[in-house]
Amino acid sequence: MWANLTINEESSPIILKLVIRFIYFALFFKSYLMTENLVIVESPAKAKTIEKFLGKDYTVVSSFGHIRDLSKNKLGIEIEKGFKPVYEIPADKQKVVSELKKLAAGAKNVWIASDEDREGEAIAWHLIAVLGLDASTTKRIVFHEITKEAIAKAIETPRAVNMDLVNAQQARRLLDRIVGFEISPVLWKKVQPALSAGRVQSVAVRLIVDREREIIGFAPESAFRVTGLFNGLNNKSEEVILKAECTKKFSNENEALKLLERCAKASFAIENISVKPGTRSPAPPFTTSTLQQEAYRKLGFSVAQTMSVAQKLYEAGRITYMRTDSTNLSSLALNTAREVITADYGTEYSKTRQFKTHAKGAQEAHEAIRPTYFDKKSITGNNNEKKLYELIWKRAIASQMAEAKTEKTTITIGMNPAAEVFTAVGEVIRFDGFLRVYSESYDNVAEDDEKTLLPAVAKGMSLDAVNITATQRYTTPPPRYTEASLVKKLEELGIGRPSTYAPIISTIQARGYVAREDRPGEKRILMVLTLTGSKITKSEKTEVAGKEKAKLFPKDIGIIVNDFLTANFPDILDYNFTAGVEKEFDEIAGGDLEWGKMLSDFYSPFHKSVDESLARKERMTGNRELGNDPATGLPVFVKMSKYGPVVQLGEASPGNKPRFANLRRDQLLETITLEEALVLFSLPRSLGDYQGSEMIVSSGKFGPYVRHNSKFFSLKRGVDDPYSITAERAIELIVEKLEGEKKKVINDFGEIQVLNGRYGPYITMDKNNFRIPKGTDPATLTKEECLKIIEKGGQKKKSAKPAKKK
DNA sequence: CAGTGAGCGAGCTTCCGCTTGACTT
């Protein structure tokens, strides 16, 4: 859009200024006078592309998504007037709207080309209303792919706005507003201020809380897994080595020992060899959700990071739209993919196919995510952009390639006298097909599950056991969600949309309901029995269990809110609630249900439970009594205080303030024990003297610290623990920080200092920092030179601090 | 830069889905 041209007039010479003004003027007139046809789409990048296809008679502009919404701070629904919505133009949309109004007034025809889904139809309807267009002459057009043919076809077949679809959107919007704006205030009263609830976020939190409880309740069981290493001579007299696993697992050490004893006296031979051909098919091209999952697994991107990199690629014209639930590819894409595959890999590698979209509630307004031009294997850009682009390219290309042909071989080794059998499974790829380009990653793949090529052996061949090992294995609880696996689960449940997956993840963290955390895990001892020759030895092995990296953990406030909501609003917290209302939205869209009726049927029972939950007196604090402190005999409680989860020693009474201590990050009100709680009262504690002053370790506003000589030294997160830190380690921290501070000072002129900072050397005076010009050696700067730099830098606007949220 | 933790009451918080820039260090 011309208004988005950013040329800095101030810094240009006068002649250039005039030229720039002329260009603005010309563009202004082009839009006003010469526009036969004004086409409005949702995204500015899309507008740019389409304008190229449509030629000079068309001006294509963007609405930047929705232009009107329910009022920001009030409910915005007149419930007693049959759920009449009160729409407003948000402050940040005023400018777009007034520009669109001007353009529309000067155009002969207005074409509205918002997406062909519920939201897009509503955008079209709002545009007609807000821009004051004539609904009977405004042309509503749609296309699912941005190709010349699709756009030309759309222009030939305009239609009117589909009011049923608009009403389905209004029902969705109002339902979400009612749920969010009626339940959230209940939480402010019953739990804590500034909390929130909603159809989507509350279920997302529930998934994480429910999963955590499964993990808490999980009792690991152990079994013994027996593997053998065999050797023998094949019919070419070559020595072969074969690793095989016993098909049976043994529930205890004694049973495993019994098998090993039998193995010691047994002989082994190959009982059977089975070879089965198989195929593997490529995954569909990316949707938003699968892109987020794979970018997380293969590139380690967070969900938000994936979206911001993808946005860059989209704006640069490298990929198609990145917020989509469709696996569809345009016929143009199918053809160019085929050409690239045939040219690069040969005809036998090409297999053109279209994938069906399985996602629940998919609206398929766009194509799948794919490269705009398949012949571009890589692009210029920063590293992340390159990596994500290549991932998208490979996935889309692979989706149009032939299946891989595999051969799975299973060798069965029998014992004589017969007891158990061992099997070795190997897989070879006979034709790589799409695997030549791309193989999909999966969550939670067992590390020793890899299948390899097996040696050439024949049925009946006798084998010797080099060794046979029985290793204790523990069952593992269901995995905690990562950002990406949560998105996958939400999509399966039909909850949330491609444009909201990333915001959902950030909302539930911003509210403090869940947090992305690591856990070091705990060492666990495994029993190992080994048979070598005829001797059985017993040994131990350790493994780390429960180690977590960047997983979503529920926090106490999330658990309390979740329990309150599931108790008071079970229907809305039901995993199938969205699926149910989506069905009704579909009925509204099909003209089979009146949207006002749907809302009123929902509202009466819902509003009743809002009133009932408010009427109950008690507040939710997660209060739990753990027992009595053996030292003082006082009762020990845990609960959610105004500032977070605490343990409390003794009851509060007039004149007696009980002791409080914060829970640690990795503790929950629900699971903390009396012993663990009592440890929390051991802070602040003395670590003895260092250089004649006492070291006191405690935990403050910014986490645990050591205080020495009235200076503070933070403990290292994930390394040090205030309850167990030793004096030696504390001294290390003190020395390290003091030395670092020494290095930080390059030159000290009193009120002016030259310092080494995170972003390199800088000058500081009166708490204001100034950048040192490139090419200047900071060590040689004199006080006068520093003053000059400060004077120059002082002219720049003092940067306003970002608004602080408390 | 290194606590708070009760209760009262003013005034504030909040939803989901479409879209991009703002904004720093």
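Each chain gets a letter, A, B and so on, in the order its sequence line appears, and its residues count up from 1.
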> What nucleotide, of B:dT14, B:dT19, B:dC15, holds the atom closest to the side chain of A:Pro44?
Replying inline: B:dT19
> OP1 or OP2 of B:dC1 less than 4.0 angstrom from a side-chain nitrogen or oxygen of A:Tyr705, does that happen here?
Replying inline: no
> Just to confirm, is there a sub-4.0 Å distance from OP1 or OP2 of B:dT13 to any side-chain nitrogen or oxygen of A:Ser184?
Replying inline: no
> What nucleotide, of B:dG17, B:dT19, B:dC16, holds the atom closest to the side chain of A:Phe64?
Replying inline: B:dT19
>> It should be established whether A:Ser196 places a side-chain nitrogen or oxygen under 4.0 Å from OP1 or OP2 of nucleotide B:dC15.
In response: yes
> Would you say a side-chain N or O of A:Gln201 is under 4.0 Å from OP1 or OP2 of B:dC15?
Replying inline: yes
>> Tell me if the side-chain of A:Asn662 makes a donor-acceptor pair with the base of B:dG5, cut-off 3.5 Å, by modelled atom types.
In response: yes
>> By nearest heavy atom, map A:Ser641 and A:Pro498 onto DNA chain B; which one lands nearer the 5' end?
In response: A:Ser641
>> Enumerate the salt bridge (charged side-chain N to carboxylate O under 4.0 Å, His left out) contacts for residues 643-658 of chain A, please, sequence neighbours excluded, ordered by first and then second residue.
In response: none
> Side-chain N or O of A:Ser499 less than 4.0 angstrom from OP1 or OP2 on B:dC18?
Replying inline: yes
> Ring of A:Phe702 versus six-membered ring of B:dA2: centres under 5.5 Å and planes under 30°?
Replying inline: no
>> With nearest nucleotide decided by heavy atoms, which residue, A:His366 or A:Ile178, maps closer to the 5′ end of DNA chain B?
In response: A:Ile178
> Between A:Arg177 and B:dC16, is there a side-chain N or O to OP1/OP2 distance below 4.0 Å?
Replying inline: no
> Is there a side-chain polar atom (N or O) of A:Arg707 under 4.0 Å from OP1 or OP2 of B:dC1?
Replying inline: no
>> Under 5.5 Å centre to centre and under 30° between planes: does that hold for A:Phe712 and the six-membered base ring of B:dC1?
In response: no
> Could you write out DNA chain B as a dot-bracket string, with dots for unpaired bases, | for bases paired across to another strand, and Watson-Crick or G-U pairs counted at under 3.5 Å?
Replying inline: .........................
